[in-house]
2 protein chains.
Amino acid sequence: MPKDIYFPPRELDVMASLWRRQSATVAEVREDLGSRLAYTTVLSVLQTLTDKGYVRHEAEGRAYRYFPTVGPERAGQSALSRIRDAVFQGSAARLFASFVADEGLSRQELERMRRLLDERLAAKEPPR
Amino acid sequence: MPKDIYFPPRELDVMASLWRRQSATVAEVREDLGSRLAYTTVLSVLQTLTDKGYVRHEAEGRAYRYFPTVGPERAGQSALSRIRDAVFQGSAARLFASFVADEGLSRQELERMRRLLDERLAAKEPPR
DNA sequence: GCCAAGCTACGGGAAATCTCGTACACCATG
DNA sequence: CATGGTGTACGAGATTTCCCGTAGCTTGGC
């Protein structure tokens, strides 16, 4: 039971930075967030995430380098299933419909998705 | 600009109930949440959501009936784009890959998705 | 050895979230 | 009319989130 993951908005922003960079210092995360927040604010969020076990840190020079301990895949799965259940009443198809209704999708993205879907379908029903 | 929507966990639970039933009384929502919370707790959440403008209520008998003022589509879009940006670095394809990696998808669901995707592709590039 | 710069630890205040208890209103029934 | 059942309004405590200031440590450069 891989316990449910959930990130409040600000913590999610910080995790996003960590996922994007693989690892980061406080200053780097702050940079990613637009440098609007105080240095110590970002530090606090990182400490909260550390307490929760979603982040760890190693010494690097005189600073720390922070690493995510959960990958985006797992966080994504968790968030998606939450949305599926709450917003789309458990229907993956309905979620997908809403997802695909987004006008901003490029042809290339759509094709990549189709390919993925075909692979998935092929794997799902192996000739028995 | 349709302002960004975000529901904290418990409020999302309540919205889920409202979306599923179209409308509901406090008792019905509480029932949906498993009847573990106090009646007044559920009422409070509904009142908070009303303050935020996501819910309205009408008198019905001696009780109120609560209605969502935002549909699941809009909430879903908002949540999905948030996940796309934060977790999957803005890549719809990566989000989709994670979504489709879910083992729990039935063949039927996968096929429905493919049909949707095909329609979407056809609309995107009409045969010239 | 001393100092400024750069970091972290710590603490804390404001606001949001989550939960509930109590008070009170309404109404049906005896 | 008294009573119990069903609701809402109100207030409030505990916890979490969000943001920052200050104190103190460490290090590179002089």
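- Taking CD of E28(A) as the start and OH of Y66(A) as the end, the distance is 12.0 Å to the nearest 0.5 Å.
- The minimum heavy-atom distance between L37(A) and R30(A), with the atom names listed, is O-NE, 2.5 Å.
- The distance between atom CG of D51(B) and atom C1' of dA9(D), rounded to the nearest whole Å, is 12 Å.
- Where R62(A) and T48(A) each meet DNA chain D at their nearest nucleotide, the meeting point lying more 5' is that of T48(A).
- Regarding E28(B), its CD atom lies at a distance of 15 Å from the P atom of dT6(D), rounded to whole Å.
- In the set dC19(D), dG21(D), dC18(C), dG21(D) carries the atom at the smallest distance from any side-chain atom of T40(A).
- At the heavy-atom level, V26(B) lies under 4.0 Å from the strands shown only through sugar-phosphate atoms.
- Computed from coordinates, the Y6(A) OH to dT15(D) C1' distance equals 14 Å when rounded to whole Å.
- Between R10(A) and dC19(D) there is a side-chain polar atom (N or O) within less than 4.0 angstrom of OP1 or OP2.
- Between A92(A) and M113(B), the shortest heavy-atom distance links the atoms CB-CE, 4.2 Å.
- In terms of phosphate contacts, Y64(A) brings a side-chain nitrogen or oxygen within less than 4.0 Å of OP1 or OP2 of dA9(C).
- With hydrogens and angles ignored, the 3.5 Å screen pairs no side-chain donor or acceptor of R120(B) with any backbone N or O of A97(A).
- Comparing K52(B) and R36(B), the nucleotide of DNA chain C nearest to each residue sits closer to the 5' end for K52(B).
- For S44(A) against dC20(D), a side-chain N or O and a base N or O form a donor-acceptor pair under 3.5 Å.
- L46(A) has its CG atom 14 Å from the C1' atom of dC19(D), to the nearest Å.
- Applying the 4.0 Å criterion to OP1 and OP2 of dC7(C), one finds that Y66(A) has every side-chain N and O outside that range.
- Among dT17(D), dG7(D), dC20(D), the nucleotide with an atom closest to any side-chain atom of L37(A) is dC20(D).
- Side chain of P8(A), nearest nucleotide from dT8(D), dT8(C), dT17(D): dT17(D).
- W19(A) places no side-chain N or O within donor-acceptor distance of the main-chain N or O of V14(A), the cut-off being under 3.5 Å.
- Distances shorter than 4.0 Å separate none of the side-chain N or O atoms of T41(B) from OP1 or OP2 on dC18(C).
- Atom P of nucleotide dG7(D) and atom CZ of R30(B) are separated by 11 Å, given to the nearest angstrom.
- The distance from atom CG of L43(A) to atom P of dG6(C) is 16 Å, rounded to the nearest whole Å.
- Within the structure, every side-chain polar atom (N or O) of Q47(A) is placed at least 4.0 Å from both OP1 and OP2 of dT8(C).
- Comparing atom distances between the A63(A) side chain and each of dC18(D), dC7(C), dA9(D) picks out dC7(C) as nearest.
- Put simply, OH on Y54(A) is 14 Å from C1' on dT16(D), counting in whole angstrom units.
- Spacing between atom CZ of R65(A) and atom P of dT8(C) amounts to 11 Å, rounded to whole angstrom units.
- In terms of phosphate contacts, Y39(A) brings a side-chain nitrogen or oxygen within less than 4.0 Å of OP1 or OP2 of dT8(C).
- The shortest distance between side-chain heavy atoms of V29(A) and V45(A) does not fall below 4.5 Å.
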